[in-house]
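This report refers to the structure that appears directly beneath it.
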There are 2 protein chains.
Amino acid sequence: MALADAILACLTEHPMTGYELAKTFESSIGFFWKTDHQQIYRELSRLRDRGHIQGREVVQSGKPNKLVYTLTAEGRAAFRHWAARPSTPPSIKDDLLVRLYALDSVDIAPLRADLMARLEHHRDRYERFERILKKRFPQGTASPADMGKLLSLRLGLRHERMVTEWCEEAITALSDLTSAAAATSRSADQRERRGSGD
Amino acid sequence: MALADAILACLTEHPMTGYELAKTFESSIGFFWKTDHQQIYRELSRLRDRGHIQGREVVQSGKPNKLVYTLTAEGRAAFRHWAARPSTPPSIKDDLLVRLYALDSVDIAPLRADLMARLEHHRDRYERFERILKKRFPQGTASPADMGKLLSLRLGLRHERMVTEWCEEAITALSDLTSAAAATSRSADQRERRGSGD
DNA sequence: AGACTTTTTCCGGTTACGGTAAAGAACGGG
DNA sequence: CCCGTTCTTTACCGTAACCGGAAAAAGTCT
């Protein structure tokens, strides 16, 4: 139900085509909401059927014609209405946590590799967000119209930093665990060597 | 595809019935993975069909009989195999961010109320996690078997603290915004009063 | 008797996720 | 001129997830 509203949210800015929306969902709003163009187009037809948006064909030369979608009054009202409802806090739902939950039934080598890849991923995103922040909000402040985007960006930054730190913690914890295991197996070896009297 | 693996992860601990699993998904693993009992039972039959788990009926007196599910060797291997694949970083996908993204097309009063509810929600969860941490890991350390659960908990803690801080930031930003708007409308009033020469 | 817990199951609808594919036009480079 | 890429929309498919409602059948507690 929320994808439709995410699209409406995009269209409150200015009318857009499905293609542009797909681009938007790859960058700005897509930082916290992933979809592909197929889902967008499907959702757009549904929204049009509901009368929340209106398509207007724009003839182009040099490019295929495009369908620019505009919010209707109903669509605007529907979005406003949706936005006035309390949000439901999302759950984290990260595969990694499932792996960790059953850590002793899992191979640690690929898990550590995964954690390191994730560390890099979140670090990259953090830096990317920082660059965007510096570029779009050099003063660290925003006009009322852009305040919400600043706040979203700030959550993104906080989130990526938080996960990055956690990844580092997890990686060292995992290393400690394996080195401890190696130490015990070494001492077990010694015991065994002594015991067998080699 | 991941719900099945989350269930397998639970069953690596010890055999369980669907009912127990549903309980587990309301507490420990459910802190970062939400489902209801219907989905669990459906997934359980699928897993049984695949041969990943095995059901054994236990006759009870005083209660309906129950079906205890145990991991099979194939199930264990399948989970191990799944866990060795790289995880996909989840997206945040929070309704609140969509609302903020289109802040100027939204009523701020319910949005602020929502933010305050969320603040309380995340604060509660933070405290809850802290209590669990103190209870289950009083030393802040864990045995190798429980290390993964400690790490998951730590992520949960970090996450809730991070969102809590962000909520506070967002609420003050929203307040600043409305008070600024009130100030400009006040001065506009004054200008108008002067202009109309009341 | 009524309410609640335990335990499993079925149903149906909507949404999301993921991949595969086509189509037509024009622009760019080689 | 062919080839690849960008632009733009649309279609289909299967599976997974989400949501909510419902009902069994047994027992316990009030």
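Just so we're on the same page: letters track the sequence lines, and every chain starts at 1. Everything numeric in this text was worked out from a predicted model, so none of it was measured.
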Worksheet item: Per the atom types in the model, does the base of D/dT9 pair as donor or acceptor with the side chain of A/Q38 at under 3.5 Å?
Response: no
Worksheet item: Whole-Å distance between D/dT9 C1' and A/M16 CE?
Response: 17 Å
Worksheet item: What does B/S45 touch in the nucleic acid at a heavy-atom separation under 4.0 angstrom: a base, only the sugar-phosphate, or nothing?
Response: nothing
Discussion item. Expressed as a whole number of angstroms, how long is the span from A/L3:CG to C/dT14:P?
Written reply: 16 Å
Worksheet item: Do the charged groups of A/E57 and A/K66 touch, with an N to O distance under 4.0 Å?
Response: no
Response to the item:
Tested for side-chain contact (heavy atoms from CB on, under 4.5 Å) against A/P15, the lone hit among A/V68, A/L71, A/I53 is A/V68
Discussion item. Can you see if the side chain of A/T35 gets near the phosphate of C/dA16 - specifically, an N or O under 4.0 Å from OP1 or OP2?
Written reply: no
Discussion item. Without decimals, in angstroms, what is the distance between B/F25 CZ and D/dC18 C1'?
Written reply: 15 Å
Worksheet item: So, is B/K93 near the phosphate of C/dC17, with a side-chain N or O under 4.0 Å from OP1 or OP2?
Response: yes
Response to the item:
Residue pair B/R42/B/V68 against DNA chain C: nearer the 5' end by closest nucleotide is B/V68
Item to complete: Report the distance from atom CG of B/D36 to atom C1' of D/dA16, rounded to the nearest whole Å.
Response: 13 Å
Worksheet item: Do B/R42 and B/D36 sit within salt-bridge range, that is, some charged N less than 4.0 Å from a carboxylate O?
Response: no
Worksheet item: At under 4.0 Å between heavy atoms, what does A/E43 touch on the DNA or RNA strands: base, sugar-phosphate, or nothing?
Response: sugar-phosphate
Response to the item:
Rounded to whole Å, CD1 of B/I7 lies from C1' of D/dA17 at a distance of 12 Å
Practice prompt. Using only side-chain N and O atoms of A/Y41, determine if any of them is under 4.0 Å from OP1 or OP2 of D/dT9.
Written response: yes
Fill in: Nucleotide C/dT6, atom P - distance to OH of B/Y19 in whole Å
4 Å
Worksheet item: Just to confirm, is there a sub-4.0 Å distance from OP1 or OP2 of D/dA16 to any side-chain nitrogen or oxygen of B/R46?
Response: yes
Worksheet item: B/D5 CG to D/dA17 C1': how many Å, rounded?
Response: 14 Å
Worksheet item: Tell me: CD1 of B/I40 to C1' of D/dA16, nearest whole Å?
Response: 15 Å
Worksheet item: Which sits closer to the 5' end of DNA chain C, B/Y69 or A/Q39, going by the nucleotide each is nearest to?
Response: B/Y69
Discussion item. Between B/R118 and B/D94, does any NZ, NE, NH1 or NH2 come within less than 4.0 Å of an OD or OE carboxylate oxygen?
Written reply: yes
Worksheet item: So, does the side chain of B/H37 form a donor-acceptor pair with the base of C/dT6 at under 3.5 Å?
Response: no
Worksheet item: Is B/E127 salt-bridged to B/R161, going by a charged N under 4.0 Å from an acidic O?
Response: no
Discussion item. Check this one for me: any side-chain N or O of A/T17 less than 4.0 Å away from OP1 or OP2 of D/dT9?
Written reply: yes
